[in-house]
Each structure stands twice: as C-alpha cells, then as structure tokens.
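These notes concern the structure reproduced below.
Remember, predicted model here, so these are calculated numbers, not experimental data. Heavy-atom basis, side chains included; hydrogens, waters and symmetry copies ignored.
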Amino acid sequence: MSEPGSAASDPVQRSDARRNQETLLEAAARVFVRSGVDAPVRAVATEAGVGVGTVYRHFPTRADLVLAVYRHQVEACAEAGPRLLTESSDPDVALRRWIGLFVDFLVTKHGLPDAMHGDGAATDVLHRYFVDRLVPVCADLLTAARATVPGRATSAGVTGYELLRGVGNLCIGTADDPDFDVERAVQVYVSGALVGVPGE
C-alpha cells in the first residue's frame with residue numbers, strides 16, 4: 001500500500017528531475033563552449049553546483065551527456081526562431097539574432113563526432129534530426145526577412161538549408177584564427193542571402 005500523498009508527489013518529483021537535468025545540460029553546454037566536449041565531467045558538475053555522481057546518475061557516459069546537450073541545444077534553437085520573430089518588429093533583426101544563436105550552437109556541437117566514437121549511423125540520425133528541426137525554422141525567418149527587402153522576390157534565392165550550411169562552413173576551424181571574425185563574416189553572408197545575386 002502506498003503512503004498518503006505519494007501519488008500526488010510523483011508529478012512534482014518528475015518536474016524536479018526534469019529541472020535538474022535541464023540545469024545539468026545548460027551547465028554542460030557552457031563548459032563545452034569554453035573547453036570542448038573533452039572537458040572533465042567534474043567541470044560540468046562544478047558549473048552546475050552538484051556532485052560528479054549526480055551527473056553520472058543522469059548521464060552514465062560522456063557520449064550520453066554530449067548527445068543530450070546536442071539535442072537540448074537543437075530544441076532551444078528551434079524554439080527561439082518563432083519567439084524572436086514574434087518579439088521583434090523587424091524580421092531582419094530576428095533572423096540575425098537567430099543566426100547568432102545557431103553559431104553558438106555550432107560551437108557546442110564541436111567535437112560531437114569524437115564523442116560518438118565513430119558511430120556513423122548514430123551521427124547520421126542526429127544530422128537528420130538537426131536538419132528536420134532547424135531548416136524549417138531558418139526558412140521561415142529567411143522568408144519573413146526577405147519580405148522586408150524592397151523589390152525582392154520572397155521565393156527566390158538561398159534556401160534555409162543553404163543558409164545554415166553556409167554559416168556552418170564559415171564556422172569550421174575558426175577557433176584558432178584570430179584574424180578571422182566569424183561573427184562579422186556570418187552577418188555579411190546573411191546580408192547576401194537576403195539581397196541575392198544578379199540574375200536570380
């Protein structure tokens with residue numbers, strides 16, 4: 001026989017568990033941005049203000065933690081798009097802010113293949129998940145921003161996938177190059193995507 005109130009406490013416990021896990025994921029993302037996915041688990045625990053055992057209780061292996069952070073960041077990025085479009089009076093600003101979040105996400109993603117230990121099938125699944133969640137968001141923002149460009153057809157030009165792919169390529173290998181301002185380069189690329197090229 002269960003104790004009085006135990007059933008009622010289950011939703012509270014589940015809510016607390018979700019909140020604790022989210023705190024860990026956000027802490028891990030910050031650590032990964034600073035130090036890469038090879039950062040010690042104790043650094044994640046310290047950032048989250050918990051013991052190492054708590055991290056392992058939620059994520060038994062480093063790969064589990066990295067993948068959870070990856071998915072958490074994808075969802076946060078996907079959910080931010082519609083919100084930014086609603087909150088901003090200028091779709092161009094919304095698009096550029098969202099692209100900034102996407103660049104931050106790419107920094108967190110760095111090192112994912114190593115964490116997967118060469119599991120190509122799992123990596124392919126994650127890539128498809130990434131594309132399915134983020135490309136439509138980018139496409140909506142891009143269409144809305146293009147609609148504000150005088151005389152610009154909203155249906156032509158770079159697609160959402162091409163924009164994300166281009167931004168991703170700009171971000172590759174930039175961490176050790178102090179002469180390359182990736183944020184500036186990304187914004188120039190976004191401007192080109194909005195205006196298009198002659199003959200489109």
Subject >> With sequence neighbours excluded, residues passing side-chain contact (heavy atoms from CB on, under 4.5 Å) with Val41 >> reply: Val52, Val55, Tyr56, Arg62
Original post:
Can you list the residues that meet the salt bridge (Lys or Arg N to Asp or Glu O under 4.0 Å) rule with Arg57, with sequence neighbours excluded?
Top reply: none
Original post:
Does Asp181 have any salt bridge (Lys or Arg N to Asp or Glu O under 4.0 Å) partners at least two apart in sequence or in another chain, and if so, which?
Top reply: none
**OP:** Could you list the residues that satisfy salt bridge (Lys or Arg N to Asp or Glu O under 4.0 Å) with Arg30, not counting sequence neighbours?
**Re:** Glu47
Subject >> Residues forming a side-chain contact (heavy atoms from CB on, under 4.5 Å) with Pro40, sequence neighbours excluded >> reply: Arg42, Ala43
Original post:
Which residues satisfy the salt bridge (Lys or Arg N to Asp or Glu O under 4.0 Å) test with Arg165, sequence neighbours excluded?
Top reply: none
Using distance only, find each side-chain donor-acceptor pair of residues 20-29 under 3.5 Å and give its atom names and separation, not counting sequence neighbours.
from  : atom 1 : to    : atom 2 : distance (Å)
Asn20 : ND2    : Asp16 : O      : 3.2
Thr23 : OG1    : Arg19 : O      : 3.0

Original post:
With sequence neighbours left out, which residue pairs that include part of residues 91-100 fulfil the salt bridge (Lys or Arg N to Asp or Glu O under 4.0 Å) condition?
Top reply: Asp92-Arg96
Identify each donor-acceptor pair in which a side-chain atom of residues 79-86 lies under 3.5 Å from a protein atom, sequence neighbours left out, and give them as a table.
from  : atom 1 : to    : atom 2 : distance (Å)
Thr86 : OG1    : Pro82 : O      : 3.0

Original post:
Who pairs with Thr46 by side-chain contact (heavy atoms from CB on, under 4.5 Å), at least two apart in sequence or on another chain?
Top reply: none
**OP:** Please identify each residue that fulfils side chain to side chain donor-acceptor pair (under 3.5 Å) with Arg184, with sequence neighbours left out.
**Re:** none
**OP:** For Thr148, enumerate each residue passing the side-chain contact (heavy atoms from CB on, under 4.5 Å) test, keeping only those at least two apart in sequence or located in another chain.
**Re:** Pro91
